[in-house]
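Atoms considered below: every heavy atom in the structure, side chains included; atoms not considered: hydrogens, waters and symmetry mates. Position 1 is the first residue of the sequence, and the numbers go up from there.
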Amino acid sequence: LEAADLEFLKKFEVPAPTFCPDCRNQRRMAFRNDRNFYQRECDLCKNTIISIYSSEKPFPVYCKDCYLSDRFDPLQYGVDFDPARPFLQQFAEMRSRVPRMASYQTQSENSDYTVHSAKNRNCYMGNSFRECENVYYADFAQYSKDSLDLFMCSHMEKCYDCSDCDQCYHSLHLENCLSTNFSCLCFDCHSSSNLIACVGLRRKEFMVLNQAVSKEIFEETLRRFNTDPAFREELTQKYHELRLQVPVKNFWERNSEHCSGNYIVNSKNAQHSYNVRNVEDSRYNFDTIDMKDTMDLTRAAGGEFLYEIQAMIDLFFSKFCNLCYQSSELEYCDNCQASKKSFGCMSLKNHSTCVLNKQYSPEDYIRLVEQIKKQMKASGDYGEFFPASLSPFGYNETMAQDYYPLSQEAAVTKGYQWKSDDPCSYLAQTYLIQDKIADVPDSVVNEVFACETCKKNYKIIPQELKLYRELGVSVPKKCFSCRLKARKKLQNQRKLWNRECAQCKAAIITTYGPEKKEIVYCDKCYLAAIY
């Protein structure tokens with residue numbers, strides 16, 4: 001624990017955590033299923049639905065219409081607090097009986113195959129979408145439209161297979177680019193257009209492998225890249241060689257000050273934070289937007305004065321919560337929305353001053369919460385996120401397995417659950433994918449595809465095919481999950497190392513570990529080299 005960590009904890013009036021930052025984040029991620037969807041029955045209306053909870057889960061699951069209707073009142077599951085028993089044990093028992101929404105996404109239209117998302121239209125197969133339209137197969141996409149296969153991207157349009165990018169248009173295979181248009185296979189390029197296989201460029205146009213070319217050569221190179229596999233492999237190899245020749249920054253940030261971590265935008269005093277935007281005075285934030293005075297957050301947007309929170313939008317003055325939206329002053333709450341001043345509740349909808357889903361007067365609520373906190377502090381239960389045993393998912397269903405992979409034995413030893421593989425047999429692929437999108441017929445949307453990596457079946461939807469044609473790329477040969485895993489591997493580990501600048505030899509802190517072959521510069525030397 002750093003001195004600044006302890007100062008933060010004083011603000012929240014909580015004891016010091018017993019887990020390190022990585023293990024705290026791992027525990028929160030284990031409550032998050034982002035891309036496994038299941039067909040099951042709504043336990044209220046009995047209609048067939050799509051859910052992030054498989055049918056064997058022991059708790060009831062409702063479709064969105066039933067969950068939000070007057071037919072479901074979460075207070076009917078309320079129980080009295082028993083001071084003779086541990087509070088979290090009572091919470092777990094009550095929580096197991098309360099229904100939850102099949103797939104948590106709000107204020108959206110025609111986006112049923114998304115989760116942990118809000119304010120979207122016509123989006124499909126992905127998570128952490130916010131104010132997107134016609135975006136498919138993405139993870140953490142914000143304010144984007146007409147794009148596919150995005151990872152940690154914002155304000156993108158007509159883009160495909162991009163990671164850690166912002167404000168790009170009609171581009172393919174970009175990584176860590178800003179305002180880069182009509183380009184393909186680029187890294188760390190800003191305010192440029194018509195680039196192919198370029199690295200570290202600023203305000204350039206019609207370049208291939210960082211060399212100026214004519215418009216005609218550029219267009220022919222792009223055509224061959226999209227239609228000739230051998231040429232694409234050769235050019236990609238040269239691009240990776242070029243990446244090792246151009247210096248990189250010790251960590252990637254923009255318009256930020258006094259920050260550490262990686263991929264930090266428009267932030268101030270964000271320490272040990274990764275993929276954050278508009279964050280101020282915060283620590284150990286992972287994938288967060290619009291935050292102030294927060295610590296230990298995972299996948300969150302819009303909030304202030306928060307500690308140990310996973311999956312939230314517009315949450316304020318809260319601690320130890322999972323999947324809570326548009327709420328304030330919550331502690332140890334799960335799947336709550338539009339609620340405030342509640343403790344240890346499940347699936348509240350526009351309620352306040354509740355404990356264990358039972359409503360109290362404001363005065364009685366304050367007295368009861370003080371009593372519960374006193375008991376939890378005495379037993380050592382207060383001050384930590386929910387224990388691993390309360391996750392509704394098997395560890396291998398969750399985001400934790402992507403960032404902190406464990407074997408089944410190791411996961412169970414740590415207290416996590418494990419989901420057995422569903423018994424199924426995959427179908428043989430019925431269509432041979434063509435390298436030229438012009439040769440792909442409309443009927444491809446009726447074909448069965450088998451991922452060349454994991455062998456699982458997947459499909460192509462008409463909207464997806466339309467975008468491939470507009471972008472000039474053929475349909476993918478891998479399923480969404482395998483494509484996403486490949487993009488995630490492009491990022492450095494979410495860890496900091498001490499190194500020295502390869503130019504001036506000054507001490508630097510970086511996400512490029514000692515095994516990385518890149519030329520790593522401090523901020524001053526990097527700016528001098530690039531500009």
Stepwise salt bridge (charged side-chain N to carboxylate O under 4.0 Å, His left out) check, R121 with E131: CA-CA 8 Å; R121 184 170 183 265; E131 297 191 42; over 6 Å; no

Show your reasoning for whether salt bridge (charged side-chain N to carboxylate O under 4.0 Å, His left out) applies to E397 and K57. CA-CA 13 Å; E397 290 181 282; K57 301 299 184 189; 3.0 Å; yes

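A side-chain N or O of Q26 and one of Y395 form a donor-acceptor pair less than 3.5 Å apart. With no hydrogens or angles considered, a side-chain donor-acceptor pair links N285 and T294 at under 3.5 Å. With 3.5 Å as the limit, one finds no donor-acceptor pair spanning the side chains of N33 and T398. For the residue pair R299 and Q310, no side-chain donor N or O sits within less than 3.5 Å of a side-chain acceptor on the partner. A donor-acceptor pair shorter than 3.5 Å cannot be found between the side chains of T48 and Q39. Defined by atom type and a distance below 3.5 Å, a donor-acceptor pair is present between the side-chain atoms of E2 and H272. No side-chain donor from either of R367 and S361 sits under 3.5 Å from a side-chain acceptor of the other. Side chains of Y382 and E331: a donor-acceptor N/O pair is present below 3.5 angstrom, by distance only. Between S55 and R40, the side chains place no donor N or O within less than 3.5 Å of an acceptor N or O (distance only, hydrogens not considered). For S273 and R283, the side-chain atoms include no donor-acceptor pair closer than 3.5 Å.
Considering every non-hydrogen atom in both L490 and S163, the closest pair reads CD1-OG, 4.0 Å.
Applying the ring-ring contact (aromatic ring centres under 6.0 Å, His included) test to residues at least two apart or on different chains, the pairs with a partner in residues 29-52 are F31-F385. A side chain to side chain donor-acceptor pair (under 3.5 Å) check over residues 72-84, counting only residues at least two apart or in different chains, returns the pairs D80-K358.
Distance alone, capped at 3.5 Å, places no donor-acceptor pair between the N262 side chain and the Y274 backbone. Side-chain N or O atoms of Q408 include none that pairs as donor or acceptor with a backbone N or O of W418 at under 3.5 Å. Judged by distance alone, the side chain of S256 and the main-chain N or O of R254 form a donor-acceptor pair under 3.5 Å. Distance alone, capped at 3.5 Å, places no donor-acceptor pair between the Q105 side chain and the A118 backbone. D281 places no side-chain N or O within donor-acceptor distance of the main-chain N or O of D293, the cut-off being under 3.5 Å.
Between L368 and F81 the shortest side-chain heavy-atom distance falls below 4.5 Å. Taking 4.5 Å as the limit, some side-chain heavy atom of Y263 sits within range of a side-chain heavy atom of Q491. At a threshold of 4.5 Å between non-hydrogen side-chain atoms, the residues Y403 and R494 count as touching. A 4.5 Å side-chain heavy-atom check between Q337 and L68 finds at least one atom pair inside the cut-off. Looking at heavy atoms from C-beta onward, I289 lies out of side-chain contact with V276 at the 4.5 angstrom threshold. No side-chain heavy atom of C132 sits under 4.5 Å from any side-chain heavy atom of N122.
The aromatic rings of F12 and F305 lie tilted to each other, with the angle between the two planes from 30° to 60°. Using the six-membered ring where Trp is involved, Y104 and Y325 have ring planes that are perpendicular, over 60° apart on the 30 and 60° scheme.
Among residues two or more places apart in sequence or in another chain, the ring pair (Phe, Tyr, Trp, His ring centres under 6.0 Å) test is passed with F8 by none. Under the rule for a ring pair (Phe, Tyr, Trp, His ring centres under 6.0 Å), the partners of F393 that lie at least two apart in sequence or sit in another chain are Y53. By the side chain to side chain donor-acceptor pair (under 3.5 Å) test, E253 is found to be paired with K249, residues two or more places apart in sequence or in another chain being considered. In this structure, the salt bridge (charged side-chain N to carboxylate O under 4.0 Å, His left out) partners of E56, at least two apart in sequence or on a different chain, are K419.
The number of heavy atoms from other shown groups lying within 6.0 Å of NZ (K373) is above 12. In K478, the NZ atom is not crowded: 12 or fewer heavy atoms of neighbouring residues, nucleotides or ligands sit closer than 6.0 Å. The local environment of NZ in K489 is sparse, with at most 12 non-hydrogen atoms from other residues, nucleotides or ligands closer than 6.0 Å.
A distance of 10.5 Å separates OG of S339 from CD of Q326, quoted to the nearest 0.5 Å. Within the model, atoms SG of C451 and CZ of F480 stand 12.5 Å from one another, a figure rounded to the nearest 0.5 Å.
Checked options D139, D164, D161; the residue passing with R487 is D161 (criterion: salt bridge (charged side-chain N to carboxylate O under 4.0 Å, His left out)). Remark: of the listed residues F386, Y307, F343, Y307 is the sole one forming a ring pair (Phe, Tyr, Trp, His ring centres under 6.0 Å) with F320.
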